[in-house]
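No hydrogens, no waters, no symmetry mates; every other heavy atom, side chains included, goes into these values.
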Amino acid sequence: GIPQDKEIASEYYKKAAEKGRIEAMFNYALMEYQGDGVPVNKEESLKYLKMAADKGVLRSIIRLCEMYEKNEAPTVDEEEISKYYKEAADQGHVASMFKYALILYQGLGVPQDKEEAAYYFKEAAEHGDSGAMFNYALILSHGDGVPKDKEMAAHFYKMAADKGRPEAMYNYAHALSKGRGITQNNAEAANYFKKAADNGIVEAISRYASMMYNGDEGLEPNKEESAIYSKLAADQGDVDAMKRYAYMCEKGEGVPVDMNESIKYYQKAADSGDDEVAMKVAMMIYEGDENVDLASAAPYFKRAADKGDPE
């Protein structure tokens with residue numbers, strides 16, 4: 001059964017709540033939500049949370065928004081949700097600033113307002129929200145709701161990157177490599193591409209591998225490092241990385257010569273739609289080990305012929 005003291009407490013909280021006591025509204029709503037002193041009743045919890053939220057109680061607003069997000073409310077009114085997120089944002093709740101910015105940007109329950117969204121993205125970003133930093137950088141980069149500002153975009157990409165946001169690491173690295181909004185710095189770009197790569201951004205894995213292979217201006221080539229990251233990107237579907245890794249296996253650059261591995265990755269590239277390597281795959285299979293099934297070269301010869309390869 002329910003402990004007697006909590007059951008009595010819930011009754012007093014409810015009576016106090018119905019008399020307008022704000023703290024009692026929140027505490028009773030919490031007990032209803034958790035089944036603490038009363039049976040779980042999320043609909044009743046929602047009712048008392050709204051009573052407190054409508055009086056501006058921040059923690060009630062936040063809890064109410066969480067219930068909406070978790071689909072724990074019987075009905076979801078986007079206009080009402082947006083109202084509560086704005087209230088929480090205007091009271092300084094950083095996560096709500098970001099959420100309300102997204103609501104404004106997408107026009108969910110409110111008229112779309114990208115300029116106002118930019119304001120809330122910036123507010124949340126300046127209060128340390130990495131998602132807001134990244135989104136604010138994006139809209140600055142594209143001039144979407146704010147004047148285009150590549151320098152400020154790079155600044156906020158770096159902020160988000162240094163807070164651990166992988167997409168921001170990649171975008172900041174790209175800005176550094178191109179000198180967009182910031183002085184070009186290939187060494188620093190490689191550092192951030194590697195960070196993004198190590199956080200699973202496939203484009204960053206391939207780009208870092210390419211930089212290590214070529215030894216872009218300001219960098220020493222590192223074929224061994226390039227081989228590791230080229231294979232990682234290739235195994236995640238990056239066609240350029242497939243061709244690079246295949247070539248490295250063929251020529252023994254950064255890895256020992258391995259013709260079977262080379263054929264395998266050239267074939268992956270060809271099978272991913274790269275017709276330029278179809279003839280190379282066909283010839284490698286044809287000229288390869290005697291145990292290789294030569295019939296497997298035929299489709300690649302045909303593709304090359306259809307492409308008009310003169311060889």
* Kindly determine whether Glu72 and Arg63 satisfy salt bridge (charged side-chain N to carboxylate O under 4.0 Å, His left out), including the steps that lead there. => CA-CA 11 Å; Glu72 292 178 335; Arg63 176 73 71 162; over 6 Å; no
Residues His142 and Leu138: closest non-hydrogen pair is ND1-O, 2.9 Å
Between Leu219 and Ala187 the two heavy atoms that sit nearest each other are CD2-CA, 3.5 Å
Smallest heavy-atom separation, Tyr13 atom then Ala24 atom, equals O-CB, 3.5 Å
**Asked** Under the 3.5 angstrom rule, does the side chain of Ser226 hit a backbone N or O of Ala209 as a donor-acceptor pair?
**Response** yes
Requested in this report: Could you walk me through whether Ser210 and Asn214 pass the side-chain hydrogen bond (donor to acceptor under 3.5 Å, both in side chains) test, one step at a time?
Outcome: CA-CA 6 Å; Ser210 175; Asn214 294 318; 3.2 Å; yes
Lys47 bridged to Glu32 by N-O distance under 4.0 Å:
no
Report task. Look at the side-chain heavy atoms of Ile, Leu, Val, Met, Phe, Trp and Tyr, link any pair under 4.5 Å apart, and say whether Ile62 and Met31 land in one connected group. Result -> no
So ring-ring contact (aromatic ring centres under 6.0 Å, His included) across residues 202-235, not counting sequence neighbours, yields Tyr208-Tyr229
When you measure from the side chain of Ser177 to the backbone of Asn186, do you find a donor-acceptor pair of N or O atoms at a distance under 3.5 Å?
no
Taking every heavy atom of Tyr247 against every heavy atom of Tyr266, the minimum-distance pair comes out as CA-OH, 3.4 Å
- Query: Distance under 6.0 Å and angle within 45° of the ring axis: does Lys42 meet both against Tyr33?
  - Reply: yes
task: State plainly whether one hydrophobic cluster holds both Tyr84 and Phe26, where clusters connect Ile, Leu, Val, Met, Phe, Trp and Tyr through side-chain heavy atoms under 4.5 angstrom apart.
output: yes
Exercise for review: Inspect the surroundings of CD in Glu224 and state if more than 12 heavy atoms from other residues, nucleotides or ligands are less than 6.0 Å away.
Suggested key: yes
Check your understanding: Should Tyr192 and Met211 be counted in the same cluster of Ile, Leu, Val, Met, Phe, Trp and Tyr side chains packed under 4.5 Å apart?
Key -> no
Just by distance, do the side chain of His93 and the backbone of Ala89 share a donor-acceptor pair under 3.5 Å? no
For Ala88 and Ile61, the nearest pair of non-hydrogen atoms, with its separation, is CB-CG2, 3.8 Å
The side chain to side chain donor-acceptor pair (under 3.5 Å) partners of Glu87 (sequence neighbours excluded) come to Gln91
By side-chain contact (heavy atoms from CB on, under 4.5 Å), Ala234 pairs with (sequence neighbours left out) Ala241, Met242, Tyr265
For this session: Report the C-alpha distance between Lys15 and Glu11 in whole Å, list the side-chain angles of each, state the deciding distance to 0.1 Å, and finish with yes or no for salt bridge (charged side-chain N to carboxylate O under 4.0 Å, His left out).
Result: CA-CA 6 Å; Lys15 287 177 181 177; Glu11 290 174 2; 5.6 Å; no
Donor-acceptor pairs under 3.5 angstrom involving side-chain atoms of residues 101-112: please list them, not counting sequence neighbours.
| residue | atom | partner | partner atom | Å |
| --- | --- | --- | --- | --- |
| Tyr105 | OH | Asp144 | OD2 | 2.2 |
| Gln112 | NE2 | Tyr105 | O | 2.7 |

Assess whether atom CD of Glu69 is packed by more than 12 heavy atoms of other residues, nucleotides or ligands within 6.0 Å. yes
Residues at least two apart in sequence or cross-chain that pass side chain to side chain donor-acceptor pair (under 3.5 Å) with His155, listed by chain then number, are none
Side-chain ion pair, Asp240 and Arg244, N-O less than 4.0 Å:
no
Just distance, no hydrogens or angles: give the donor-acceptor pairs under 3.5 Å from side chains in residues 164-176, sequence neighbours left out.
| residue | atom | partner | partner atom | Å |
| --- | --- | --- | --- | --- |
| Asn171 | ND2 | Tyr157 | OH | 3.2 |
| His174 | NE2 | Arg180 | NH1 | 3.4 |

Salt bridge or not between Glu66 and Lys70? Use side-chain N to carboxylate O under 4.0 Å. no
Exercise for review: Check whether Tyr119 and Val146 end up in the same hydrophobic cluster, where Ile, Leu, Val, Met, Phe, Trp and Tyr are linked by side-chain heavy atoms less than 4.5 Å apart.
Suggested key: no
